Amino acid sequence: MQYRPTEIEPKWQQRWAEARVADVNVESDAQAPGSKLYMLNMFPYPSGDLHVGHGRNYILGDAVYRYYRMQGRAALNPMGWDAFGLPAENAAIKRQIHPRTWTLGNIERMKAQFARWGILYDWSKEIASCEPEYYHWNQWLFLQLYKRGLAYRGTAPVNWCPQDLTVLANEQVVDGRCERCGALVEQRELSQWFFRITEYADRLDAGLDTLTDWPEKVKLMQRNWIGKSRGTDVEFPVPYLGHPIRVFTTRPDTIFGATFMVLAPEHPDVQKLIEGAEYREEIEAWITTVRNQSALERQEAGKEGRPTGKTAINPFTNEEIPIWLGNFVLPQYGTGALMAVPAHDERDFAFATQYGLPIRSVIKLTSGDEPELPFTAKDETGVAANSGPIDGLPVPQAIDRIIAIIEERGIGKGLVRYRLRDWLISRQRYWGTPIPMIYCDQDGLVPVPEEQLPVSLPLDVPFTGREGNPLSKHEAFVNVACPQCGAAAKRETDTMDTFVDSSWYFLRFITPRDDQKIFDRKLVDKWLPVDQYIGGIEHAILHLLYARFVTRTLHDMGLISFEEPFTRLFNQGVITKEGYKDASGSWVPLNEVEHRDGKPYRGEEALFAEVTKMSKSRFNVVPPDELIARYGADTERVYTLFIAPPEKEAAWSDEGVVGAFRFLGRVWHMGLGVANGASGDVPAAVTRKMHQTIDAVTSRIERFEFNTAISALMELSNLLGEHAGANIREAYEALLKMLHPFAPHMTEELWSMLGNEGFLLTAKWPVADSALMQEDTVVIAVQVNGKLRGQVEVAAPASEEKVKEAVSGNEKIQNWVAGKQIVKQIYVPGKLLNIVVK
RNA sequence: GCCCCCGUGGCGGAAUCGGUAGACGCUACGGACUUAAAAUCCGUUGUCCCGUGAGGGGCGUGCCGGUUCGAGUCCGGCCGGGGGCACCA
């Protein structure tokens with residue numbers, strides 16, 4: 001009987017679905033302590049068709065899920081849809097399909113694809129963030145944050161498209177132009193909604209230390225993003241203003257070298273300072289130019305500045321130092337003002353050189369020599385010089401000492417600052433959660449009362465792609481009575497960043513249909529935090545940081561008892577494939593490409609192959625349907641996990657797929673033999689290999705080393721092939737069990753073919769007996785002076801005496817030692833003997 | 001510029017603690033089966049040298065050096081590739 005996956009797979013998919021094998025009762029399941037396991041794949045944006053690259057993520061999660069099921073864990077594995085977002089709106093504009101219709105259609109297609117891969121989710125917990133039953137609680141969360149001062153309205157510079165009359169996300173700005181209409185994007189100060197994530201900067205940073213099962217790389221990226229730095233604020237008196245200007249510095253030890261001061265053009269004291277300046281109009285024009293530049297343009301312009309003509313007093317040297325304006329000073333970091341120490345800072349040095357400002361070195365090398373400027377090292381290699389009370393102190397001590405002096409004098413304070421900025425959540429977009437706020441002429445900003453939630457997103461809006469957010473044109477939505485005074489008022493028409501939706505969805509899976517509250521505290525505390533979170537590295541910063549932030553705010557509201565939402569995190573790598581470019585660099589559709597002498601051509605034109613992430617626009621996606629029709633989902637699953645370590649990028653190879661198919665075919669045919677196979681003695685080699693394999697596969701799955709777990713199963717299968725006539729039934733069944741997470745359909749079929757009852761999914765994972773793993777004999781490699789000179793074989797367990805006896809009886813090895821004196825013998829138990837001779 | 005990660009056959013990769021480098025798979029080549037092809041199965045496959053042969057020997061994990069009886073693995077310095085942040089004072 002041939003191995004025909006297309007006949008087997010739909011049958012088992014249907015049976016698992018009918019038996020609802022993945023459904024969890026959150027109240028009654030997982031009673032025993034330690035039995036609950038919350039598995040979660042990051043919920044996807046429903047963009048439509050899934051390719052084999054997407055498959056890696058979900059197949060991986062399903063393999064882990066099935067493994068834990070077989071280990072007897074009560075595993076919850078839900079799935080949902082991050083269903084708000086721009087692509088749906090763009091599709092609506094382009095094709096006049098409603099975003100909701102488009103989104104729900106995509107969800108159906110993707111669900112069907114998950115089923116064809118044999119992936120088991122608890123669909124009774126399904127959520128879609130675009131539905132009122134979900135975004136109701138998004139709005140509720142917003143109101144709680146608003147109540148606690150963690151959501152606020154403030155102004156921020158944003159990307160503004162003057163033609164489409166809308167704000168654009170940074171990703172929608174390509175080379176300074178609007179992605180859709182090509183107009184030059186402007187920077188505008190607009191009133192926007194923010195979440196005060198900066199209030200949690202220190203806790204988000206410190207919490208990273210507790211995440212021992214997160215990849216170091218992700219923690220590092222978050223740490224850099226939060227950008228903690230220790231330093232001090234210092235006040236520099238400004239006689240002209242009558243009040244001092246405060247600067248932030250991480251190098252207060254260099255304050256004796258501060259020879260000028262630079263303010264951001266946005267600094268609040270700037271208008272006063274340039275009063276009566278000689279070229280005031282020119283300076284104002286320059287300020288306007290700088291403020292309208294995007295961050296990128298501002299940086300590319302190089303360092304530019306203007307003197308204000310006013311001075312500040314260096315509080316340590318008591319010298320008058322000039323106050324400049326500079327485009328390189330960031331208004332949103334520190335105080336928007338800095339003391340410039342050109343001798344010991346690259347940027348200050350460049351600025352001072354450009355404008356002829358004084359440079360004074362205040363650090364010497366430990367040797368006493370003058371360092372080459374700018375000298376910026378912050379360690380013991382430098383010693384303070386020309387610096388009064390800190391003269392002679394190494395830099396680290398000088399920093400501590402000068403901060404103490406600054407604090408004693410009451411002109412500043414040592415503190416920690418972060419580069420993390422508040423989270424801008426406003427979007428002037430239709431397809432998102434409406435922000436539940438109302439503008440009343442009398443009462444100002446009024447939150448929508450909780451009992452009036454959800455503020456429903458109206459579905460009857462036109463999609464023109466022009467004139468900004470269609471919500472603001474929807475009279476019935478916009479016009480509302482003020483909840484406080486009843487007078488005519490206007491609704492907020494901004495919607496929320498979709499990262500808000502995904503910042504807490506993992507909490508909603510426990511009670512997705514509850515229309516009374518966001519979640520049930522008792523059940524959430526039972527099932528969370530998420531034990532195993534799986535998703536792409538592209539979410540290493542934003543999504544994971546926002547989820548950690550929101551979880552902490554809920555903790556502080558007393559709604560949950562934990563602060564970190566994800567205990568163990570895994571980021572899988574992308575799958576790449578060759579695509580083809582022509583000489584002009586455009587991607588060429590696959591059906592126009594022919595290979596001659598192994599090189600790609602289109603007609604007579606030579607093409608260039610390039611390996612990239614799969615993408616429709618590069619014509620290098622592998623759709624799973626054809627693959628499944630030919631080889632089956634089990635083959636795709638095994639190949640996908642075998643191809644490379646799962647966290648690494650992997651190149652798809654059509655030939656490689658065949659290897660996985662052949663392996664499954666061999667296991668299939670072997671099963672037919674086992675079904676009517678021999679009884680009698682089990683070969684010792686088979687028993688040994690079985691226990692070794694159980695041991696290896698178990699620990700490798702736990703460590704997410706699926707590629708080597710599968711290679712261990714291939715080794716066992718190869719050995720069973722050599723013993724095909726013998727009694728190998730026990731080992732073969734163990735092989736099926738261990739193969740189940742990777743090839744669930746075929747193993748279920750074989751399991752029932754061997755006459756077993758029930759699903760293999762719920763069969764018990766085999767346990768290795770370490771006594772039966774041992775070899776009968778141990779081969780000892782003998783090295784003389786570090787060179788391999790022979791082997792001896794002794795009965796296990798090998799003792800030093802047995803090995804030495806065997807060595808002395810081995811003529812060949814003795815020849816190498818002959819005539820020399822043995823000075824040392826090193827015996828590594830079970831492995832190696834090394835004889836050192838002279 | 002700063003920070004992080006990675007360099008092993010023709011390819012993807014393996015080597016848990018420093019202990020016989022190249023498991024497992026792909027490709028390629030040779031063979032079996034077949035009228036033929038596909039599929040399947042068997043064998044060879046790091047490299048050089050000696051030997052008709054069984055077999056034996058040298059070299060080999062980006063480069064240079066160090067530690068060690070022994071280094072893909074540890075340490076120092078280079079070279080190459082990838083990623084993150086990017087005027088954060």
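This structure is a prediction, so every number in the text was calculated from the model and none was measured. The analysis underlying the following values was restricted to heavy atoms, covering all of them including side chains, and did not include hydrogens, waters or symmetry mates. Protein chains get the first letters and strands the later ones, always in sequence-line order, with residue 1 at the start of each.
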Could you check whether [X] gets within reach of a base, just the sugar-phosphate, or nothing at all, counting any heavy atom under 4.0 Å?
X	answer
Gly659(A)	sugar-phosphate
Val262(A)	nothing
Gln299(A)	base
Val779(A)	base
Ser699(A)	nothing
Asn718(A)	sugar-phosphate

Syn or anti for C17(B) (syn when the glycosidic angle lies within 90° of 0): syn

Chi class for G9(B): syn within 90° of 0, otherwise anti: syn

Ring centres under 6.0 angstrom apart (Phe351(A), Phe349(A)): no

Tyr639(A) ring center within less than 6.0 Å of Tyr631(A) ring center: no

Presence of salt bridge, Arg223(A) and Asp209(A), under 4.0 angstrom: yes

Salt bridge flag under 4.0 Å for residues Arg298(A) and Glu266(A): yes

Full working for side chain to side chain contact (heavy atoms under 4.5 Å, CB included) between Gln783(A) and Ile835(A): CA-CA 6 Å; Gln783(A) 294 182 1; Ile835(A) 299 167; over 6 Å; no

Under 3.5 Å side-chain donor-acceptor pair for Gln222(A) and Trp214(A): no

All N/O pairs under 3.5 Å across the protein-nucleotides 13-15 of chain B interface:
from   : atom 1 : to        : atom 2 : distance (Å)
G13(B) : OP1    : Lys648(A) : NZ     : 3.2
A14(B) : OP1    : Asn707(A) : ND2    : 3.4

Pairing stems for RNA chain B [at least three consecutive pairs; Watson-Crick or G-U; under 3.5 angstrom]: B:1-7 with B:79-85, B:10-12 with B:24-26, B:28-32 with B:40-44, B:46-50 with B:55-59, B:62-66 with B:74-78

I'd like a table of atom pairs between the protein and nucleotides 29-34 of chain B - only N or O on both sides, under 3.5 Å - with the distance next to each one.
none

Candidates [options] - which lies nearest the side chain of [X]:
X	options	answer
Asp345(A)	G12(B), A89(B), C87(B)	A89(B)
Leu832(A)	C24(B), G19(B), A89(B)	G19(B)
Val828(A)	G84(B), G25(B), G19(B)	G19(B)
Phe248(A)	A89(B), A23(B), C85(B)	A89(B)
Glu655(A)	A23(B), U27(B), U20(B)	U27(B)
Asn327(A)	A89(B), C24(B), C87(B)	C87(B)

Evaluate the ring planes of [X] and [Y], with Trp represented by its six-membered ring, and classify them as parallel (under 30°), tilted (30 to 60°) or perpendicular (over 60°).
X	Y	answer
His543(A)	His539(A)	perpendicular
Phe742(A)	Phe706(A)	perpendicular
Phe499(A)	Tyr546(A)	perpendicular

Test log, rule side chain to side chain contact (heavy atoms under 4.5 Å, CB included), inputs Asp634(A) and Tyr3(A): CA-CA 12 Å; Asp634(A) 283 342; Tyr3(A) 169 47; 4.0 Å; yes

How far does the [atom1] atom of [N] sit from the matching atom of [M], given to the nearest Å?
N	M	atom1	value
U73(B)	G65(B)	P	15 Å
G55(B)	A39(B)	P	33 Å
U61(B)	G22(B)	C1'	9 Å
G9(B)	A23(B)	P	13 Å
C79(B)	C24(B)	C1'	32 Å
C17(B)	C85(B)	P	32 Å
U44(B)	G80(B)	C1'	34 Å
U67(B)	G18(B)	C1'	12 Å

d(CG, Leu325(A); C1', A89(B)) in whole Å: 16 Å

Distance in angstrom units between Ile541(A) CD1 and G84(B) P, rounded: 9 Å

Partners meeting side-chain contact (heavy atoms from CB on, under 4.5 Å) with Glu649(A) (sequence neighbours left out): Val574(A), Thr576(A)

Residues which pass side chain to side chain donor-acceptor pair (under 3.5 Å) with Gln2(A), listed by chain and number, not counting sequence neighbours: none

Which residues share a side chain to side chain donor-acceptor pair (under 3.5 Å) with Asn707(A), sequence neighbours left out: none

Contact residues, residues 212-223 of chain A to RNA chain B [heavy atom, < 4.0 Å]: Leu220(A), Met221(A)

Within residues 665-674 of chain A: residues closer than 4.0 Å to RNA chain B (heavy atoms): Arg666(A)

Residue among Asp269(A), Thr335(A), Val234(A) satisfying side-chain contact (heavy atoms from CB on, under 4.5 Å) with Ile245(A): Asp269(A)

Summary of side chain to side chain donor-acceptor pair (under 3.5 Å) pairs that have at least one residue in residues 411-423 of chain A, sequence neighbours excluded: Tyr152(A)-Asp422(A), Thr198(A)-Asp422(A), Asp233(A)-Arg417(A), Trp423(A)-Asp497(A)

N/O donor-acceptor pair under 3.5 Å between Gln825(A) side chain and Val836(A) backbone: no

OP1 or OP2 of [N] less than 4.0 angstrom from a side-chain nitrogen or oxygen of [X], does that happen here?
X	N	result
Arg662(A)	U40(B)	yes
Gln783(A)	G70(B)	no
Tyr333(A)	A89(B)	yes

Within residues 690-713 of chain A or reaching into it, pairs that qualify as salt bridge (charged side-chain N to carboxylate O under 4.0 Å, His left out) - sequence neighbours excluded: Arg703(A)-Glu705(A)

Could you list, one pair per line, each protein nitrogen or oxygen that sits under 3.5 Å from a nitrogen or oxygen of nucleotides 54-59 of chain B, together with the distance?
from   : atom 1 : to        : atom 2 : distance (Å)
G58(B) : OP1    : Arg789(A) : NH1    : 3.3

Residue whose nearest RNA chain B nucleotide is more 5′ - Met714(A) or Lys824(A): Met714(A)

Show which side-chain atoms of residues 254-261 of chain A pair as donor or acceptor with protein atoms under 3.5 Å away, not counting sequence neighbours.
from      : atom 1 : to        : atom 2 : distance (Å)
Thr254(A) : OG1    : Arg251(A) : O      : 2.8
Thr259(A) : OG1    : Pro358(A) : O      : 2.7

